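In this chain, residues are counted from 1 in sequence order. As a basis for the values below, the full set of heavy atoms in this structure was taken, side chains included, without hydrogen atoms, waters or symmetry mates. Here the structure is a predicted model, which means the values were calculated and not measured.
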Amino acid sequence: MDVTDQIKATLAGLARERDAIEHQLLDPQVLSDHHKVRELSVRKAALDPVVEGFRAWQGELEEAEELRAAIEANEDTELVELATAELPELEARAASRIETVLADLVTSEDRAVASIMVELRAGVGGDEAGLWAGDLVRMYEKFAESRGWSLETLSAEVDEGLGGVRSAVLNVRGEGVFAELAHEAGTHCVKRVPATETQGRIHTSTATVAVLPEPREVEVTIDPADVDEHITTAQGPGGQNVNKVATAVHLIHRPSGVEVRMQETKSQAQNREKAWRLLRARVYEIEREKAAAEAAAERRGQIGTGGRAERIRTYRFKDSIAVDHRLGVSFPLSDVLSGGLGPIVRSLIEMETARRLAQL
């Protein structure tokens, strides 16, 4: 594909940013801040393949230009023959390299996000929907473990009876978490005979998943004056108090209307810290979706944004398959539920990368 001046300028800007990060990582003051080092290291890891490929491509273009100059000069017959033989191979290598660079370019921002919030909610289907949401929580726990990521349950509302999950918020951290899990956002349907079914009939139940990048604090500034904070006792099923000490934190961000409740720990300070993290992630997601909607309005032929309300996958227990509707492909159900999301994730990343490249 043609590499426009705008794309070249973008790549050059990323190269300068990567060089600046390398310089920062040599600064003793920065090295003393482990959180800063981790943040910079993740960003650098996302930029490395783009910048290294871009610079290698620039070198190949310069070398190709020298070969053309030697051919045009026509001063040395042997040199002309060598240059003529080598030029097509070099041009093909450069063309292949820039395709890889551009693919890395359009996914670099996703790969730079190393902490996400995964919110799961039971949908239609009553108790079975809660059991299904619990199955999805375990599926993501197993996938995170297989990828070497850390996973923390920030909050969970569990049914007292069958143990289903009405809602849960997971914080997943690690290299590439957003790039790999972003496409899990949407409605997950299950077709199976529920544990609550006495006549063996197959039911369809749903659970929704939202995947929110956890922004750096510098990226999202929330004025504390815009947030109402209420401290209460923790509430259990039916609304009864389960804790006599006021440790639960309820935040309301008035400009956006976003509300967050956190009561997982018996420490008010820990609940407040977790509540603010989740609040920042939700407000950031609103701004991100707004920006994406504005960009989509300017581009023709853009396909759907993968909104949460869209049904993305159906898990059919009778057929032992999980069908991803965006790919139109089925996968072994047992593999998927045991955390084997790798083949689905790779295919979805490839599809999204192709879509973004078509818009460059």
Inset, instruction - Give the C-alpha distance, both sets of side-chain angles, the deciding distance and a yes or no for salt bridge (charged side-chain N to carboxylate O under 4.0 Å, His left out) between K142 and E145. - result: CA-CA 5 Å; K142 292 173 183 176; E145 182 180 1; over 6 Å; no

Inset, instruction - With side-chain hydrogen bond (donor to acceptor under 3.5 Å, both in side chains) as the test, would you mind laying out the steps for E214 and S115 before giving the verdict? - result: CA-CA 5 Å; E214 183 176 11; S115 180; 2.5 Å; yes

Legend entry - Heavy-atom pair of closest approach, residues A112 and V42: O-CG1, 3.3 Å

Could you list the donor-acceptor pairs under 3.5 angstrom formed by side chains in residues 67-82, with sequence neighbours left out?
residue : atom : partner : partner atom : Å
R68     : NH1  : E65     : OE1          : 3.2
R68     : NH2  : E91     : OE2          : 2.8
D76     : OD1  : E78     : N            : 3.0
D76     : OD1  : L79     : N            : 3.2

Legend entry - Heavy-atom side-chain contact between T204 and V190 under 4.5 Å: no

Inset, instruction - Nearest 0.5 Å please: distance from the CD1 atom of I252 over to the CG atom of D226. - result: 13.0 Å

Inset, instruction - Quick one: pull up CG in L31 and CG in L26 and give me the separation to the nearest 0.5 Å. - result: 7.5 Å

Inset, instruction - Please determine if E17 and K44 form a salt bridge, counting it only when a charged side-chain N lies under 4.0 Å from a carboxylate O. - result: no

Inset, instruction - Give the cluster check for W57 versus L90: same hydrophobic cluster or not, with ILVMFWY residues linked at side-chain heavy-atom distances below 4.5 Å. - result: no

Legend entry - Least distance between heavy atoms, W132 atom then S205 atom: CD1-O, 4.4 Å

Inset, instruction - Please test K318 against R192 for side-chain contact (heavy atoms from CB on, under 4.5 Å), starting from the C-alpha separation and ending with a verdict. - result: CA-CA 7 Å; K318 181 180 179 181; R192 66 183 178 186; over 6 Å; no

Legend entry - Non-hydrogen side-chain atoms of L120 and V118 separated by less than 4.5 Å: yes

Inset, instruction - Taking all non-hydrogen atoms of both residues into account, name the closest pair between V101 and G53 and its distance. - result: CG2-C, 3.3 Å

Legend entry - Side-chain donor/acceptor of T107 to backbone N/O of D104, under 3.5 Å: yes

Legend entry - Side-chain ion pair, E52 and R18, N-O less than 4.0 Å: yes

Legend entry - Electrostatic pair R55-D19, nearest N-O below 4.0 angstrom: yes

Inset, instruction - Please check if I286 and V169 belong to a single hydrophobic cluster, counting links between Ile, Leu, Val, Met, Phe, Trp and Tyr side chain heavy atoms closer than 4.5 Å. - result: yes

Inset, instruction - Treat each ILVMFWY residue as a node, draw an edge where side-chain heavy atoms are under 4.5 Å apart, and state whether L61 and L14 are in one component. - result: yes

Inset, instruction - Starting from the C-alpha separation in whole Å, work towards a yes-or-no answer on side-chain hydrogen bond (donor to acceptor under 3.5 Å, both in side chains) for H250 and E229. - result: CA-CA 6 Å; H250 178 198; E229 180 177 297; over 6 Å; no

Inset, instruction - Please examine the side chains of R280 and I222, heavy atoms only from C-beta on, and report whether any two atoms are closer than 4.5 Å. - result: yes

Legend entry - E157/R121 under salt bridge (charged side-chain N to carboxylate O under 4.0 Å, His left out): CA gap, chis, key distance, verdict: CA-CA 9 Å; E157 183 184 347; R121 293 186 181 279; 5.9 Å; no

Inset, instruction - In sequence, state the C-alpha distance, the side-chain angles, and the governing distance for R147 and V177, and then conclude on side-chain contact (heavy atoms from CB on, under 4.5 Å). - result: CA-CA 9 Å; R147 299 291 288 113; V177 289; over 6 Å; no

Legend entry - same_hphob_cluster(V345, V323) at 4.5 Å side-chain heavy-atom cutoff: no

Inset, instruction - Please test F317 against I202 for side-chain contact (heavy atoms from CB on, under 4.5 Å), starting from the C-alpha separation and ending with a verdict. - result: CA-CA 9 Å; F317 274 65; I202 294 175; over 6 Å; no

Legend entry - From CG (L333) to OH (Y315), nearest 0.5 Å: 9.0 Å

Legend entry - NZ/NE/NH1/NH2 to OD/OE distance under 4.0 Å, R97 and E99: no

Inset, instruction - Please determine if E175 and R111 form a salt bridge, counting it only when a charged side-chain N lies under 4.0 Å from a carboxylate O. - result: no

Legend entry - Test item: I98 and V3 side chains (from C-beta on) under 4.5 Å apart, heavy atoms: yes

Inset, instruction - State plainly whether one hydrophobic cluster holds both V124 and V193, where clusters connect Ile, Leu, Val, Met, Phe, Trp and Tyr through side-chain heavy atoms under 4.5 angstrom apart. - result: no

Legend entry - Shortest non-hydrogen contact from A248 toward Q263: CB-CB, 3.7 Å

Inset, instruction - Please round to the nearest 0.5 Å and tell me the distance separating atom CZ of R313 and atom SG of C189. - result: 11.0 Å

Inset, instruction - Taking the side chain as every heavy atom from C-beta outward, state whether F178 and V211 have any pair of such atoms under 4.5 Å apart. - result: yes

Legend entry - Minimum-distance pair of heavy atoms, taken over all atoms of A275 and M262: CB-CB, 3.9 Å

Inset, instruction - First locate atom CH2 of W149, then atom CD1 of I116, and finally report the distance between them rounded to the nearest 0.5 Å. - result: 7.0 Å

Inset, instruction - For the pair S41 (side chain) and R38 (backbone), establish whether a donor and an acceptor sit closer than 3.5 Å, ignoring hydrogens and angles. - result: no

Inset, instruction - Evaluate side-chain contact (heavy atoms from CB on, under 4.5 Å) for D228 paired with R254, printing each intermediate quantity in order. - result: CA-CA 7 Å; D228 294 331; R254 292 192 303 276; 2.5 Å; yes

Legend entry - Pair D48 + R43: basic N to acidic O under 4.0 Å: no

Inset, instruction - Report the residue from K191, H325, H188 that forms a side-chain hydrogen bond (donor to acceptor under 3.5 Å, both in side chains) with T314. - result: H325

Inset, instruction - Before accepting this row, confirm whether a basic side-chain N of the pair E141/R138 lies closer than 4.0 Å to the acidic partner's carboxylate O. - result: no

Legend entry - Nearest heavy-atom neighbours spanning T247 and N271: O-ND2, 3.0 Å

Legend entry - Sidechain-backbone polar pair: S96 side chain, A92 backbone, donor-acceptor under 3.5 Å: no

Inset, instruction - In plain terms, say whether R277 and E273 are close enough for a salt bridge, that is, a side-chain N and a carboxylate O under 4.0 Å apart. - result: yes

Inset, instruction - Side-chain contact test, heavy atoms from C-beta onward, threshold under 4.5 Å: evaluate it for V249 versus W276 and give yes or no. - result: no

Legend entry - T265 side-chain N/O to S267 backbone N/O, donor-acceptor pair under 3.5 Å: yes

Legend entry - Interatomic distance, E119 atom CD to L154 atom CG [nearest 0.5 angstrom]: 9.5 Å

Inset, instruction - Indicate yes or no: at least one non-hydrogen side-chain atom of R272 is less than 4.5 angstrom from one of I231. - result: yes

Inset, instruction - Report yes or no: does D319 contribute a side-chain atom to a donor-acceptor pair with the main-chain N or O of I321 at less than 3.5 Å? - result: no

Legend entry - Basic-acidic side-chain contact under 4.0 Å: E287, R282: no

